[in-house]
Structures are given as C-alpha cells and as structure tokens.
Amino acid sequence: MAKNSSISPSVIKRLPRYYRFLGELLKQGTERISSRELSDMMKITASQIRQDLNCFGGFGQQGYGYNVRDLHAEIGKILGVDKGFRTILIGAGNLGRAIAAHINFSTRGCELVGIFDIDRSLTGEKAGELSIMHTDELEKFCRQKKPMVAVLCIPKANTQEIADRLVALGIKAFWNFSHYDLSIDHDDIVVENVHLGDSLMTLTYRAKAAEEAARDQD
Ligand code: NAI
C-alpha cells in the first residue's frame, strides 16, 4: 500500500471522488473498469486517472483495467474510512443539526459520539440520533470517551476559544464550518476549514465565464 506521505496533496483531494464513483460501480456489480470508462464517468482525462492511480501501484493492468473492489478498498484504506475516529460536534444550531442528521460519518472514517451546545435550553433535545449535551459536560465526556475529531458549527467569535479548549482535551482534528480560518500551532493537529460559500463563488465564476463566452459568440 502507498504511504500517505508519498501521495501528493492534489491527488489526495481527488481521492474521495474516486472512492465515491468506485463505490457506485461496486453497488452495480461492476468488477473491473478501464481508465477510459472511468474517465467518461468522472469527466476527467484517462491520463489523469492513470497518473493518479499509479501512485498506489499494481492496480491497473494493461488490457484489464482496474479491479473495482481492490481499488475501492485501497483508496478507502488511504483515506482512513475504516478508522472510526470518535467525533464530537459543537454547536447544535441549524447547521450542526443538519450535519448531525445528514452526514454519514461512519462510512467516512468517523463515529459521531457526542453533540454539545452552550445553550441550556437545547440540552436533551435530539440532533440526528444523539441527545444534545451542555458544553459544561465536555471535560468529563472527553476524559471518558476520548474523541479525536471535532466538528465546529459555532459562530466565528467563539471558535478559537473552543478550539483551544478542545486541543487541551485531546482533539487532534477539526472539521471547521465556523467561517473562521482556524490555525493551530501544533504539528500533530489537523484542520479542514469548510466554506460552502467559496464553492458557490467557484460556481459563479464559472457561470460568469460561460456567460461571457456565449456573449462573445453572438
Ligand atoms: P445557529 O445560530 O443556528 O447555531 C449556532 C449554535 O452554536 C447555537 O445553538 C449556539 O447556542 C451554539 N454556540 C455558540 N457558541 C457556542 C460555544 N462556545 N459552544 C457551543 N455551542 C455554541 O447558526 P448556524 O446557522 O447553525 O451556523 C453556525 C455557524 O456556521 C455560523 O457561524 C455560520 O456563519 C456558519 N456557517 C458556515 C457555513 C460554511 O459553509 N462554513 C455554512 C452555514 C453556516
């Protein structure tokens, strides 16, 4: 198996999409696929696919293509989808509840074990399958359950403070939605800042470019 450190960050970014498409193929009972067929499905070039998947070695064979089950399993291992990292979610407002209810953590390497909010009126309410706890419980909970990942769905202003508190409680990875670009000065802590608005602006940029191209043709 390839070591994560030997795979470039741009390939790692594309791996979840390969994993998703290969998972769909597996569900349909497809045993093998050529880079050409995968390219048609995923709308990226066959040579890019070959280049990306060469990193793992031994999966693509001339005249055979890729073994879908093996490649899916290998990419899953690289992504850590079987890790089951214990995960807590902080901030059970509109976004936090939507994430708790709609993100399938368990197929993505995480197990959601606790949801916390500072608002006492929410304590005991359900979010997804879990009951919301008050943030006063965080220390005790983390001592007992030792979560490793935290999802932050709280306002910007409170983010750094809660992140520092969570680092002290052993959290090593943040999935941060709070519109505050967290940076934590520890080599062993990883942060994924998520801004859905950035994705929307990428779309508007492309829509604008398409509109301009159509206008130029008139
Ligand atoms: P919301 O107001 O519905 O929920 C926020 C929740 O956080 C509330 O229940 C509040 O009591 C709780 N909270 C505040 N401080 C806390 C703390 N220190 N510890 C624990 N809980 C705390 O807001 P909503 O709509 O759920 O959004 C949450 C945040 O996510 C906002 O800052 C919003 O701007 C951001 N957001 C980010 C998106 C993204 O793409 N990154 C998309 C949508 C919202």
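First listed ligand is number 1; within each ligand, the first listed atom is number 1. Just so it is clear, the structure is predicted and the values come from calculations on it, not from any experiment.
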> N/O of L122 under 3.5 Å from N/O of ligand 1, yes or no?
Replying inline: no

> Is it the side chain (CB and beyond), the backbone, both or neither of I154 that lies under 4.0 Å from ligand 1, heavy atoms counted?
Replying inline: both

> For ligand 1, which atoms, with element, lie under 4.0 Å from some heavy atom of L196?
Replying inline: 39 (C), 40 (O)

> So which heavy atom in the protein is nearest atom 21 (N) of ligand 1, and how far is it from that ligand atom?
Replying inline: I118 N, 3.2 Å

> Can you check whether I90 has an N/O within less than 3.5 Å of an N/O in ligand 1?
Replying inline: no

> With hydrophobic residues grouped by side-chain heavy-atom distances under 4.5 Å, do W175 and V167 end up in a single group?
Replying inline: no

> Any sub-3.5 Å donor-acceptor pair from S131's side-chain atoms to K126's backbone N or O?
Replying inline: no

> For ligand 1, which atoms, with element, lie under 4.0 Å from some heavy atom of V194?
Replying inline: 39 (C), 40 (O), 41 (N)

> Which of the numbered atoms in ligand 1 are below 4.0 angstrom from a heavy atom of T135?
Replying inline: 19 (N), 20 (C)

>> Among all protein heavy atoms in this structure, tell me which lies nearest to atom 35 (C) of ligand 1, with the distance rounded to 0.1 Å.
In response: F177 O, 3.5 Å

> What part of N158, side chain from CB on, backbone N/CA/C/O, both or neither, has a heavy atom under 4.0 Å from ligand 1?
Replying inline: side chain

> Nearest to atom 12 (C) of ligand 1, what protein heavy atom do you find, and at what distance?
Replying inline: D117 OD2, 3.2 Å

> Of the protein's non-hydrogen atoms, which lies at the shortest distance from atom 34 (O) of ligand 1, and what is that distance?
Replying inline: H179 CD2, 3.1 Å

> Does the protein put a heavy atom under 4.0 Å from atom 2 (O) of ligand 1?
Replying inline: no

> With a cut-off of 4.0 Å, which atoms of ligand 1 are near a heavy atom of H195?
Replying inline: 40 (O), 41 (N)

> For R69, does the CZ atom have more than 12 heavy-atom neighbours from other residues, nucleotides or ligands under 6.0 Å away?
Replying inline: no

>> As an exercise, identify every atom of ligand 1 less than 4.0 angstrom from a heavy atom of D119.
In response: 11 (O)

>> So, taking the atom named OG in S35 and the one named CG in L53, what distance separates them when rounded to the nearest 0.5 Å?
In response: 8.5 Å

Using a 3.5 Å cut-off and no angle test, enumerate the donor-acceptor pairs between side-chain atoms of residues 134-142 and protein atoms at least two apart in sequence or in another chain.
residue	atom	partner	partner atom	Å
H134	ND1	D136	N	2.9
H134	NE2	I118	O	2.9
D136	OD2	R120	NH2	2.7
E139	OE1	R165	NH2	3.1
E139	OE2	R165	NE	2.9

> Distance only, no hydrogens: is a donor on one side chain within 3.5 Å (strictly under) of an acceptor on the other, for H195 and D181?
Replying inline: yes

>> Pairs of nitrogen or oxygen atoms closer than 3.5 Å, one from L95 and one from ligand 1: do any exist?
In response: yes

>> Donor-acceptor check, side chain of R17 to backbone of M42, threshold 3.5 angstrom: yes or no?
In response: yes

Going by atom type alone, with no hydrogens or angles, which donor-acceptor pairs under 3.5 Å involve a side-chain atom of residues 104-112 and a protein atom two or more places apart or on another chain?
residue	atom	partner	partner atom	Å
N104	OD1	S106	N	3.4
N104	OD1	S106	OG	3.0
T107	OG1	N104	O	3.3
R108	NH1	N104	O	3.3

> Is any side-chain N of the basic residue among D52 and R14 closer than 4.0 Å to the acidic one's carboxylate O?
Replying inline: yes

> Any N/O of I162 closer than 3.5 Å to an N/O of ligand 1?
Replying inline: no

> Does the distance from a Lys or Arg side-chain N to an Asp or Glu carboxylate O, for R215 and E212, drop under 4.0 Å?
Replying inline: no

> Does E125 pair with R97 as a salt bridge, N-O distance under 4.0 Å?
Replying inline: yes

> Among protein heavy atoms, which sits nearest to atom 25 (O) of ligand 1, and what does the distance come to when rounded to 0.1 Å?
Replying inline: N94 CB, 3.7 Å

> Which of the listed options, G91, S121, G93, holds the heavy atom that is closest to atom 4 (O) of ligand 1?
Replying inline: G93

>> Using a 4.0 Å heavy-atom cut-off, which part of C153 comes near ligand 1: side chain, backbone, both, or neither?
In response: backbone

> Do any N or O atoms from the side chain of Q28 and from the backbone of L25 form a donor-acceptor pair under 3.5 angstrom?
Replying inline: no

>> Please tell me if atom 15 (N) of ligand 1 is touched by the protein, where touching means a protein heavy-atom distance below 4.0 Å.
In response: yes

